[in-house]
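Labels below follow one simple rule: chain letters A, B, ... track the order of the sequence lines, proteins then strands, and each chain is numbered from 1. Worth saying up front: this structure is predicted, and the values here are computed from it rather than measured.
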There are 4 protein chains.
Amino acid sequence: MATTTYDKEITALLVIDPYNDFISEGGKIWSRIRGVAEANGCVPHMLQVLNAARNGGFRVFYAMHRRYRPGDYETWKYIAPIQKVAWQRKPFEYGTWGGEIRPELAPKPGEIVAGEHWCSSGFANTDLDLLLKKHGIHQLIVIGLLAHTCIEATVRYAAELGYEVTVVKDATADYSDKEMNAALDINIPNYANAIVTTKEVVGSIASL
Amino acid sequence: MATTTYDKEITALLVIDPYNDFISEGGKIWSRIRGVAEANGCVPHMLQVLNAARNGGFRVFYAMHRRYRPGDYETWKYIAPIQKVAWQRKPFEYGTWGGEIRPELAPKPGEIVAGEHWCSSGFANTDLDLLLKKHGIHQLIVIGLLAHTCIEATVRYAAELGYEVTVVKDATADYSDKEMNAALDINIPNYANAIVTTKEVVGSIASL
Amino acid sequence: MATTTYDKEITALLVIDPYNDFISEGGKIWSRIRGVAEANGCVPHMLQVLNAARNGGFRVFYAMHRRYRPGDYETWKYIAPIQKVAWQRKPFEYGTWGGEIRPELAPKPGEIVAGEHWCSSGFANTDLDLLLKKHGIHQLIVIGLLAHTCIEATVRYAAELGYEVTVVKDATADYSDKEMNAALDINIPNYANAIVTTKEVVGSIASL
Amino acid sequence: MATTTYDKEITALLVIDPYNDFISEGGKIWSRIRGVAEANGCVPHMLQVLNAARNGGFRVFYAMHRRYRPGDYETWKYIAPIQKVAWQRKPFEYGTWGGEIRPELAPKPGEIVAGEHWCSSGFANTDLDLLLKKHGIHQLIVIGLLAHTCIEATVRYAAELGYEVTVVKDATADYSDKEMNAALDINIPNYANAIVTTKEVVGSIASL
């Protein structure tokens with residue numbers, strides 16, 4: 001894929017669900033994604049991209065999944081399978097360590113954390129689209145978890161809503177290669193304008 | 001207006017912005033709306049409608065304005081006048097008494113507080129529409145503040161999104177009669193299916 | 001109000017509901033708005049603004065109300081008052097002269113007509129927001145009909161969605177001064193960054 | 001998967017992109033999906049499900065892709081890969097046979113065709129959500145094309161927006177098994193409450 005260049009006036013980094021439960025030792029879901037995440041260098045790559053974006057003067061946004069709170073689902077008449085799992089397993093539980101952002105990836109002052117999303121897309125039922133528009137953003141560089149759920153959902157929504165997207169393929173992870181490939185090789189190429197490595201995107205940013 | 005009946009399977013009460021800053025003695029905006037609010041019996045009527053809804057077994061939702069936090073607006077390239085005012089005056093400041101719900105109107109367990117809205121509509125850039133759908137709600141009874149900004153905006157959005165709306169005209173308030181009339185007499189009749197008094201809506205609910 | 005300047009890279013003209021039924025002799029609603037429209041110079045002003053925008057190289061978008069088609073409402077379980085009126089009076093009927101754009105205001109090649117809206121906001125349930133984003137637009141100059149319904153609704157939505165808006169106050173009309181004033185003097189000032197005359201906006205554009 | 005039952009008061013059939021270009025001999029994309037489509041019995045199954053829904057008194061909705069029109073994309077500053085392909089290949093060209101619904105699947109009076117979508121989700125930037133709400137619909141049975149693009153996108157959006165979804169897995173098709181499996185086996189199970197065969201869904205409907 002050809003080198004992509006980025007204009008920081010219209011491009012932002014979007015960090016998706018960097019919760020301890022996903023990517024820290026002892027997190028509820030970490031054991032299930034550790035194999036792919038470590039093979040992919042997911043966490044160190046996320047940090048590299050984040051640092052490069054900050055150093056390059058790019059705006060940083062966070063899209064965070066609903067932190068589980070008691071009573072979230074008991075009264076719903078209609079519920080999706082992925083929400084039933086959230087109800088049962090209580091990922092990112094509010095007020096617990098698992099529901100906190102992994103410390104070295106935490107937002108710095110001036111970085112923007114959008115409202116929590118209830119399903120998989122960081123845009124659905126949140127202020128993410130608004131906050132991007134308020135800052136004049138039209139292009140997103142996306143990192144985070146999981147490839148075939150929240151990353152793919154957010155990328156699909158981004159494309160539907162008019163954004164151009166770059167996905168950093170070694171700054172994400174999934175349960176197994178099967179889900180990673182479905183997201184990165186089959187579906188996301190239809191919606192993301194570029195799928196690059198950390199090395200490529202850091203190079204592009206640094207050369208600005 | 002003819003008596004309206006409500007089916008609690010599809011109807012919910014929506015309480016908009018019952019912050020101390022709006023409706024409690026000492027609140028930042030209270031002095032500006034006190035005249036209309038007291039003439040209208042706004043606060044006691046809000047409480048009556050809330051109690052009637054609870055006693056009648058209706059679901060209760062809250063739509064809350066963004067509580068001001070430092071840094072909210074400094075980086076925005078585009079901003080609406082009403083947001084400039086929010087930036088300047090810091091209503092509903094996060095972590096302060098003014099940004100808390102007036103105690104006797106506070107949500108009880110099982111009642112649902114939607115994500116905060118940045119402008120005037122409780123639906124825009126929030127999960128309010130989602131949470132209403134998850135509970136099978138198609139009709140709303142609306143109370144709260146201010147008539148010509150958040151109430152009218154939320155009613156307009158509700159109509160655009162497919163809901164039927166009842167506005168309780170003596171359970172709201174505004175800066176002066178001019179704004180109240182613009183909302184209640186001129187605009188909202190196009191979008192709300194009923195505009196009623198507290199006495200009427202409480203009677204409708206109690207007769208179920 | 002201070003002079004506003006416009007950058008055509010991010011600003012577009014938005015023409016709302018320039019149907020014959022609204023603004024042409026013989027249109028279904030013309031007789032009801034004629035008094036205000038003629039006093040205001042609504043139609044010639046709309047044309048002046050449109051010509052200035054075209055000459056200035058600004059993009060032009062159209063937001064059009066649902067043209068009535070038989071069967072539109074018969075099966076709805078929930079309906080807003082303004083939609084009941086549309087059902088009854090059949091404004092902008094599809095396939096009729098009243099449902100056509102007044103000829104001298106018709107879109108030229110390259111101008112963009114968004115999907116039809118069902119209630120009052122040009123943004124609700126349409127591709128208007130998407131098409132504006134696809135063209136990098138963040139600011140809108142708004143003209144058209146009616147002030148307190150579609151204009152105000154579209155301006156409110158625009159503000160909620162992150163746009164900055166200029167309303168041209170003598171390029172709109174309404175049933176009477178009461179509705180015009182509610183829109184232009186009471187409500188829209190909260191959501192539009194500027195409310196100007198045709199002369200002012202044409203001057204701003206021409207001076208670029 | 002256990003038998004699912006459907007209540008026609010809240011359940012509708014959603015037919016996605018049944019264009020000649022997709023599923024009729026001679027259509028622009030038919031040759032690329034014919035292998036999977038014929039192996040899966042896609043077209044006859046779509047017809048069976050449609051007939052069962054009609055006979056069972058279920059509402060039928062159509063979600064249709066933007067029919068290509070000259071000038072659609074030339075002025076866009078931002079474009080997704082799947083839209084670049086649409087620009088290049090002109091699928092479902094407006095005014096041509098390929099852009100018509102395959103005749104035996106065409107809507108009957110009273111069935112509802114939502115606004116056209118520009119990317120993959122039938123909900124994005126259209127009135128589909130509104131029209132479903134206006135009819136009290138909370139559950140969808142989904143058939144149509146293509147599994148990993150418009151079907152998956154629409155199912156994901158439906159889940160994000162609060163709907164429960166059944167996907168009929170032999171009433172869809174794709175370029176190859178790889179894309180079909182990514183959609184039906186890996187991604188959609190997170191968002192659809194049931195993935196069934198035509199035989200199963202027709203049986204469920206017929207037994208009502």
Side-chain angles (χ1 to χ4, degrees), chain B residues 1 10-11 76-86 117-126 129 137-140 146-150 152-165 174-195, chain C residues 1 10-11 76-86 117-126 129 137-140 146-150 152-165 174-195:
Chain B
M1 191 166 288
I10 59 166
T11 308
W76 288 21
K77 290 187 179 174
Y78 310 102
I79 186 165
I82 200 169
Q83 293 164 331
K84 286 184 198 166
V85 172
H117 50 273
W118 282 95
C119 187
S120 292
S121 168
F123 287 98
N125 312 299
T126 75
D129 182 54
I137 302 301
H138 292 278
Q139 297 180 326
L140 297 171
L146 294 180
H148 81 301
T149 53
C150 292
E152 183 175 330
T154 304
V155 171
R156 282 177 178 264
Y157 257 74
E160 298 279 0
L161 296 177
Y163 295 90
E164 288 190 348
V165 184
D174 215 317
Y175 300 130
S176 76
D177 287 348
K178 189 182 64 167
E179 291 92 353
M180 277 285 272
N181 295 344
L184 293 176
D185 298 339
I186 297 175
N187 284 339
I188 292 180
N190 294 302
Y191 305 104
N193 297 70
I195 302 175
Chain C
M1 190 166 287
I10 59 165
T11 307
W76 288 21
K77 289 186 180 174
Y78 309 103
I79 187 165
I82 200 170
Q83 293 164 331
K84 286 184 199 167
V85 172
H117 50 275
W118 282 95
C119 187
S120 292
S121 168
F123 288 98
N125 313 299
T126 76
D129 181 55
I137 300 302
H138 293 277
Q139 297 180 326
L140 297 172
L146 295 178
H148 81 302
T149 53
C150 292
E152 182 177 330
T154 303
V155 171
R156 283 178 177 262
Y157 257 74
E160 298 279 0
L161 297 178
Y163 295 89
E164 289 190 349
V165 184
D174 216 316
Y175 300 130
S176 76
D177 288 346
K178 188 181 65 166
E179 291 90 355
M180 278 284 272
N181 295 344
L184 293 176
D185 299 338
I186 298 175
N187 285 338
I188 292 179
N190 294 301
Y191 305 103
N193 298 69
I195 301 175

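Pairing each heavy atom of C:Glu164 with each of B:Ile79, the nearest pair is OE2-N, 2.8 Å. Considering all non-hydrogen atoms of both residues, C:Ala80 and B:Ala159 come closest at CB-CB, 4.1 Å. Minimum interatomic distance between B:Ala124 and C:Glu160 (heavy atoms only, all atoms of both residues): CB-OE1, 3.2 Å. Considering all non-hydrogen atoms of both residues, B:Tyr191 and C:Ser120 come closest at OH-OG, 2.7 Å.
Chain B forms the most heavy-atom pairs under 4.5 Å with one residue out of C:Lys84, C:Glu179, C:Glu152, and that residue is C:Glu152. By number of non-hydrogen pairs under 4.5 angstrom with chain C, the leading residue of B:Tyr163, B:Tyr157, B:Trp76 is B:Tyr157. Listed options B:Thr149, B:Val85, B:Asn125 were ranked by heavy-atom pairs under 4.5 angstrom with chain C; first place goes to B:Thr149.
Note that CG of C:Leu161 is 15.0 Å distant from OH of B:Tyr78, once rounded to the nearest 0.5 Å. In this structure, CD1 on C:Ile10 lies 8.5 Å from NZ on B:Lys77, to the nearest 0.5 angstrom. Between the CD atom in B:Gln83 and the CG atom in C:Asn193 there is a gap of 9.0 Å [rounded to 0.5 Å].
Proximity to chain C (any heavy atom under 4.5 Å) is restricted, for B:Ala192, to the backbone atoms N, CA, C and O.
Within the 4.5 Å cutoff, the side chain of B:Lys178 has no heavy atoms near those of the C:Asn181 side chain.
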